[in-house]
Structure formats: C-alpha cells, structure tokens
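Written below as structure tokens is the structure these notes are about.
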Amino acid sequence: MALPKGFLWGGAVAAHQLEGAWNVGGKGPSVADVMTVGAPGVERGITDGIIEGENYPNHEAIDFYHRYKEDIALLAGMGFKCFRTSIAWTRIFPNGDELEPNEEGLKFYDDLFDEMHKYGMEPVVTLSHFEIPLHLANEYGGWRNRKMIEFFVRFAKVCFERYKDKVKYWMTFNEINNQRNTESPFLTFTNSGLLYKEGEDRYQVMYQAAHYEFVASAIAVIEGHKINPDFQIGCMIAFCPTYPASAAPQDQIAALKEMDRTYVFADVQCRGHYPSYILKEWERFGTDIRMEPEDLKIIQEGTVDYIAFSYYMTFTTEYDESNVRHLGREKKNPFVKANDWGWQIDPIGLRYALNLLQERYELPLMIVENGIGLHEHEEADGMIHDDARIEYFANHITEMKKAVELDGVTLIGYCPWGPIDLVSAGTGEMEKRYGFIYVDKNNKGEGTLARKPKKSYYWYKRVIETNGENL
Ligand code: BG6
C-alpha cells in the first residue's frame, strides 16, 4: 500500500493560538484577544475589551512570533513537507478597515515563509482562522455587516499579491460551518465576530453572515486566480460525520438532516449554488437572506479548488419529534471511546468522512486538522511518553490509507493539529495538549516556554520518512 509520491505530510496551527505578541509589530487586537480561559466542558469567556488582571491565553500563547526559527527547525526535524498556519488579519490590518496594510506584519510572514522554504516545507495558509479584528466585531457587528466583504477581500488580495511566489495552498475561512451552532457564543464570535442580540432570529442572522462569507470567499478565489493561476484555494470545513443511532428509518432522516447543516457550507463553496434543501428550509422558516443581484453569479464563479477539512470525531443522533427544525438529538456512541474533553475517538470515521466528501464533490481533499488533546507531563526519565497519541495517529493514518488505496480518494496531504503544544481554541487551556513537541506552560500561563520533543515526535518522523508505511 502506498500513498502518492509528494504527499504533503505536516502539521497545522493558527496564528492566534501560538504566535503571542498580540500587540507587537503594529498588531491590533482580534476577537481571540478578548477571550479568557475555560475548562473541559466550560466555554471561554468573552470580555468587553481587554480587562486588566484577566488571563488572556492568546496574548502570549507560546511566543512563536519570537521563536519561530527554533520551532520551524524542530518541525523540520520531523521531516515536515508542509506546515499549515494562518495569517493574523490584525498584523496586516490592525483594525481591519484601513486602506493600507501594516508593513511590519507583512514582513513577519515573509520571514516565516522563507524560513519554511529553507527546509523545503510548503506553507499552507488560512486567511481567516478565528482572528477577526476586534474593531470589525465591535464597530460593524462582524459578518452580520455586508461591509465585511470589502475588508476581507482587501486583506486577501494584499496577502495573495505579497506571497504569490511563496504560498500555493490557501484556505479562506477556517471551519466556516462551526457557526451553525447558534447557541454557542464562542463559535459565532470566532467564526464571524458576532454576538447575538436579545430576541433576534439567530438562524436568520447566522445564514446572513454565512452568505456574506460565501460571497467574500468566492471573490477571493476569483481574484486569487488572477494574481496567480497556480494558486490552490480551498474551503475549510469542520467535518464530523453524524451516524444514525439505530437502523430506525426516522433516525436515518435525523442523521441526514444533521449532515445537511454541515454540507450546506461545502455545497455552496464547492458546487457554486445554494442546495435545494436549504432554500426549502428558508422558505419554511420565513428566512429572508439579503442578497445583491450579482451575489449568486459570484458564488457560481468562485468555487474552490480543493476541500480542506478537520476531522476529530463523529456524532450519533436519533430522531427527536419535538424539534421543529427536524434535527436529531445528539447521543453518545457506545462503540467508541472519548478523551478527557468528551471528543469521541473514531478512526474508521475518518475513512468514512473521506469517502463522503470524495463521492459528493469529486475534488481533491486535504486533512488539515486531526489529533487528540491529552493531559501530559514529564515522567521520571524526563520523557513525555505519549503512547495514546501514537496509537490515535497510527489508527487514523491506517484508515486514511484505506480511503486512498482501497476507495480511491484523492488526498493531497495530512496535517495533524497542533504539532507543537499551543493554546486550545475551545477552552483556552495550554494543558489540552496536541503536540509532538511539549511546551512548558500551564493553564495559568506559568512556565519557561521551553520546547521538548515527546515520544511521538520520533514516531511521526519515521511515519513521514516511510511515507506512512511504518506506523
Ligand atoms: C478546530 C480549530 O476547531 O479544532 C482549531 O480549527 C482548534 O483552531 C482545534 O484548536 C482543536 O480544538 P481545541 O478546542 O481543542 O483547541
């Protein structure tokens, strides 16, 4: 069994979760900079501005901004072929609505991408990864406002122009479908910089914001291709397949409808139009999405080149008659285990996910996030023995290979999440560790920030060396 030659083995991070230096080099505050620390099962707080004495983990993060050379060298030590990161919007446009970019911010990413190329590492870049300028959230209401299209497109074009010879793989919006859960301020704030007002129709506001993002993403794809026709510009979906809890027909429908809530975000960006099921749903719920006459044409012309997705878990659902939106009720899957944060571990679900996406879209796929958060510490021999992580990845890579070799899925690359410990997006914890490299820092922000390879570091190095043969 062999993965294709040139397969992009690497890892993935996001600027706000590792760079730190939140107000250095002309950077403005982003939505991530007003988020405090949560805990397993407890969402992060969002404060009104930056409050003295609060613990904002992203402010320092792991100080990658000042240590990126050391960190890139460590990642290169595993033989990374690519490295996914994001460009912090607020380093380039500190408030988001300026006309001219911040040169110091642009220079930082020039240096970072040069450093990657020094080791033959392909940059894979997300434009918007939970880092919307705070000013745009506060003054414009985030993506509820159509003006965001203009701001985002300006940002995207500046990045495309500047890095056109350094970056080939791009993504527009990270996990754009997270916001479908309108009950979570964390998800709507990080996805779209919006917080719902008392009594408003969240469903309508959510799809309005998503519509503007679809238009912005499509314009970025169109403009990006003009700047460099070789660009590969993808969407990025959080893909958690939902299984029916039983063989009962109504559970099949519940699972199907639940999946539609994810698919709609990929359907629009990959197929270039709104699918019929969502148009019918809007009709039923009296949802009225404001669109300009050219919007649908832009969406049609700006379809993506590939699908990037994160895969962490699957869900299970059963029919719930009381739910007017005909969504299922989430259930625990008795066939799979979960980590300390309740994320269900399902390697076969990755093969299933790859098949679903391949069959539906027939576009190249890239796994740009996969991994397990664990509590870890140094043991008596000074080593971090993360055997649970090795087992997790070995099982997932085995299933990924089956999808390619047995099912014919077109897969470009595999980037596990957080190859170096970083701030958790969901809880703000440092102690929800994903890395092959340990970083000495705890949830309170204490520690030396020293880096140290874990046991899995040497394991993943061998996996890359053998193109996935030696697990
Ligand atoms: C994805 C995000 O949701 O999952 C990342 O794109 C995030 O930003 C990752 O860090 C893991 O989630 P968490 O909450 O464990 O950090």
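Atoms within each ligand, like the ligands themselves, are counted from 1 in listed order. The basis for the numbers below is simple: all heavy atoms, side chains too, and nothing from hydrogens, waters or symmetry mates.
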Between Thr47 and Glu54, a side-chain donor and acceptor under 3.5 Å:
no

List the residues meeting side chain to side chain donor-acceptor pair (under 3.5 Å) with Gln208, not counting sequence neighbours, and say none if there are none.
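Applying side chain to side chain donor-acceptor pair (under 3.5 Å) to Gln208 gives Tyr212.
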
Please list, chain by chain and in numerical order, all residues satisfying side chain to side chain donor-acceptor pair (under 3.5 Å) with Lys164, sequence neighbours excluded.
none

So does Asp33 pair up with Lys27, basic N to acidic O under 4.0 Å?
yes

Testing Phe214, Phe173, Phe309, Tyr274 one by one against Phe265 for a ring pair (Phe, Tyr, Trp, His ring centres under 6.0 Å), which residue passes?
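Testing Phe265 for a ring pair (Phe, Tyr, Trp, His ring centres under 6.0 Å) against Phe214, Phe173, Phe309, Tyr274 leaves exactly one candidate, Phe214.
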
Name the residues with a heavy atom less than 4.0 Å from ligand 1?
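These residues qualify: Gln17, His129, Phe130, Asn174, Glu175, Tyr312, Trp343, Glu369, Trp417, Ser424, Ala425, Gly426, Lys432, Tyr434.
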
Name every donor-acceptor pair, under 3.5 Å, that has one atom in a side chain of residues 233-240 and the other anywhere in the protein, sequence neighbours excluded.
none

